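Computed from a predicted model, the values in this text were never measured in an experiment. Note on naming: letters A, B, ... go to the chains in the order of the sequence lines (proteins, then strands), and numbering restarts at 1 for each one. As a basis for the values below, the full set of heavy atoms in this structure was taken, side chains included, without hydrogen atoms, waters or symmetry mates.
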There are 2 protein chains.
Amino acid sequence: MTRSPTPSDPETTVPQPLSPQDMVCFSLYSAVHAMSQAYRPHLEKLGLTYPQYLVMSALWSAEAPPTVGLLSRQLQLESSTLTPLLKRLEAMGLLTRRRDAEDERQVRITLTEDGQQMRDRTAHIAGCIAAQSGMSVEELLALRDQVSRLRDNLRKG
Amino acid sequence: MTRSPTPSDPETTVPQPLSPQDMVCFSLYSAVHAMSQAYRPHLEKLGLTYPQYLVMSALWSAEAPPTVGLLSRQLQLESSTLTPLLKRLEAMGLLTRRRDAEDERQVRITLTEDGQQMRDRTAHIAGCIAAQSGMSVEELLALRDQVSRLRDNLRKG
DNA sequence: CAAATATCTATCGTGTACGATATAATCGAC
DNA sequence: GTCGATTATATCGTACACGATAGATATTTG
């Protein structure tokens, strides 16, 4: 099943195939799933999924009702992902989707009263996750910056 | 839309809601998508998706044909995710799924000749991604270990 | 201003992902 | 050995996630 290193096939000339556990990409992949699981008990009290929570976070921190395109750039998601997601949040009564009068191509996303009020009920979550992470705030911030740098470099290439 | 800090509501007592860009979880979330995109051009030459590539990597590095359960633990995916994934790889002729004679509950996954041979065609990919990451090998390994630690702590909690 | 072009969002098809549940096989206690 | 509990995989329903494409609106060009 696997190719063992031999004198004629040392690791230095023919690299062993990396197991998932050795791969940077797998650590990220599995960490995202673990993160989603960690958020789940908090978010299901609010009836949100993790991607829905990210959309709501973007809206809570926005200065003005953003367009689908702006959310798409901020969250790095395609409209084919965002549109159904936003429709579900609209169906829950958390936001409205309206064509912009200035530019009818754009759709503006506005929080409803319910959507705005939900914010306060999420205030504790970040702290819970941070505590569960077993890492200090400094470590978490450093990790975030490293991971963001990796992501930006991958997007550029 | 957003609550600005005021003298009576300073950031130190009522934390501003974090924007996605400030959140550790979002950096991971978006980095995984960027990583998947970075792999895409390499993998589509092989007809694989990124999760399929992870499964194949696990199989290439396995000592003996693993069961679905072992793959599930290694990749941290549920059987409801793995079973259809493995069926697609089987339909592509890359592996076989057979009930274990010793324990009929288990299903053993064995690479076909085609599945084994595909490994050599993936040897260059890790290097391409590493180069694209704009990070040194040392940085990547340190990042992997930090992210793995975070993941393991989240799973424990 | 009309035609070509670009931009913005939505739709469709395929492939993850997971929780809840179902089914079958094994193991344990007696 | 048989019944109950446990374990291993599969199935189902819902929700992302993206590429390809469509359709409508805006902008640019001639």
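No donor-acceptor pair closer than 3.5 Å links the side chain of A/Arg121 to the backbone N or O of A/Leu46. Judged purely by atom type and a 3.5 angstrom limit, B/Ser30 uses its side chain to pair as donor or acceptor with the backbone of B/Phe26. No donor-acceptor pair closer than 3.5 Å links the side chain of B/Trp60 to the backbone N or O of B/Leu111. No side-chain donor-acceptor contact under 3.5 Å links A/Ser72 to the backbone of A/Val68. A donor-acceptor pair is defined here as one N or O able to donate and one able to accept, closer than 3.5 Å; no such pair exists between the side chain of B/Gln132 and the backbone of B/Ile129.
In terms of position along DNA chain C, the nucleotide closest to A/Thr67 lies nearer the 5' end than the nucleotide closest to the other residue of the pair B/Leu85 and A/Thr67. Mapped onto DNA chain D by nearest heavy atom, A/Glu104 and A/Arg88 fall at different nucleotides, with A/Arg88 at the one closer to the 5' end.
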Distances for protein N/O vs nucleotides 11-14 of chain C N/O pairs under 3.5 angstrom?
| residue | atom | partner | partner atom | Å |
| --- | --- | --- | --- | --- |
| C/dT11 | OP2 | A/Lys87 | NZ | 2.6 |

Give each protein N/O atom lying under 3.5 Å from an N/O atom of nucleotides 27-29 of chain C, with the pair distance.
none

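Atom CD in B/Gln76 sits about 13 Å away from atom P in C/dA17, given to the nearest Å. Atom pair A/Gln106:CD and C/dA10:P shows a separation of 11 Å (rounding to whole Å applied). Between A/Leu86 atom CG and C/dA10 atom P the separation is 8 Å, expressed in whole Å. One can place CG of B/Leu75 at 19 Å from P of C/dG15, the figure rounded to the nearest angstrom.
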Sequence neighbours left out, cut at 3.5 Å: what donor-acceptor pairs do the side chains of residues 81-93 of chain A make with other protein atoms?
| residue | atom | partner | partner atom | Å |
| --- | --- | --- | --- | --- |
| A/Thr83 | OG1 | A/Ser79 | O | 3.0 |
| A/Glu90 | OE1 | A/Arg97 | NH1 | 3.2 |
| A/Glu90 | OE2 | A/Arg97 | N | 3.3 |

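The salt bridge (Lys or Arg N to Asp or Glu O under 4.0 Å) test applied to B/Asp100 returns B/Arg108, not counting sequence neighbours. With sequence neighbours excluded, no residue satisfies side-chain hydrogen bond (donor to acceptor under 3.5 Å, both in side chains) with B/Glu104. A search for side-chain contact (heavy atoms from CB on, under 4.5 Å) contacts involving B/Arg98 returns B/Thr96, B/Thr110, not counting sequence neighbours. Partners of B/Asp114 under the salt bridge (Lys or Arg N to Asp or Glu O under 4.0 Å) rule, at least two apart in sequence or in another chain, do not exist in this structure. When the side-chain contact (heavy atoms from CB on, under 4.5 Å) test is applied to A/Leu70, the partners found at least two apart in sequence or on another chain are A/Pro66, A/Thr67, A/Arg73, A/Gln74.
A nucleotide of DNA chain D counts as in contact with chain B when one of its atoms lies under 4.0 Å from a heavy atom; the first and last such, 5' to 3', are D/dT7 to D/dG19.
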Evaluate the side-chain contact (heavy atoms from CB on, under 4.5 Å) criterion for residues B/Leu150 and A/Ser133: first the C-alpha distance (whole Å), next the side-chain angles of each, then the deciding distance (0.1 Å), finally the verdict. CA-CA 5 Å; B/Leu150 171 61; A/Ser133 76; 3.3 Å; yes
A/His42 and A/Tyr50: CA distance, side-chain angles, deciding distance, side-chain contact (heavy atoms from CB on, under 4.5 Å) verdict: CA-CA 10 Å; A/His42 302 288; A/Tyr50 177 69; over 6 Å; no
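Minimum interatomic distance between B/Val55 and B/Leu75 (heavy atoms only, all atoms of both residues): CG2-CD1, 3.7 Å.
Within the 4.5 Å cutoff, side-chain heavy atoms of B/Leu77 are placed close to those of A/Tyr29.
Within residues 33-52 of chain A, the residues that place at least one heavy atom under 4.0 Å from DNA chain D are, in residue-number order, A/Thr49, A/Pro51, A/Gln52. The stretch residues 20-31 of chain A has no heavy atom under 4.0 Å from DNA chain D, so no residue of it qualifies as close.
Among the protein residues, A/Leu82 comes within range of no part of the nucleic acid, since none of its heavy atoms lies under 4.0 Å from any strand.
Applying the salt bridge (Lys or Arg N to Asp or Glu O under 4.0 Å) definition to pairs two or more places apart or across chains, those involving residues 142-157 of chain B are A/Glu139-B/Arg149.
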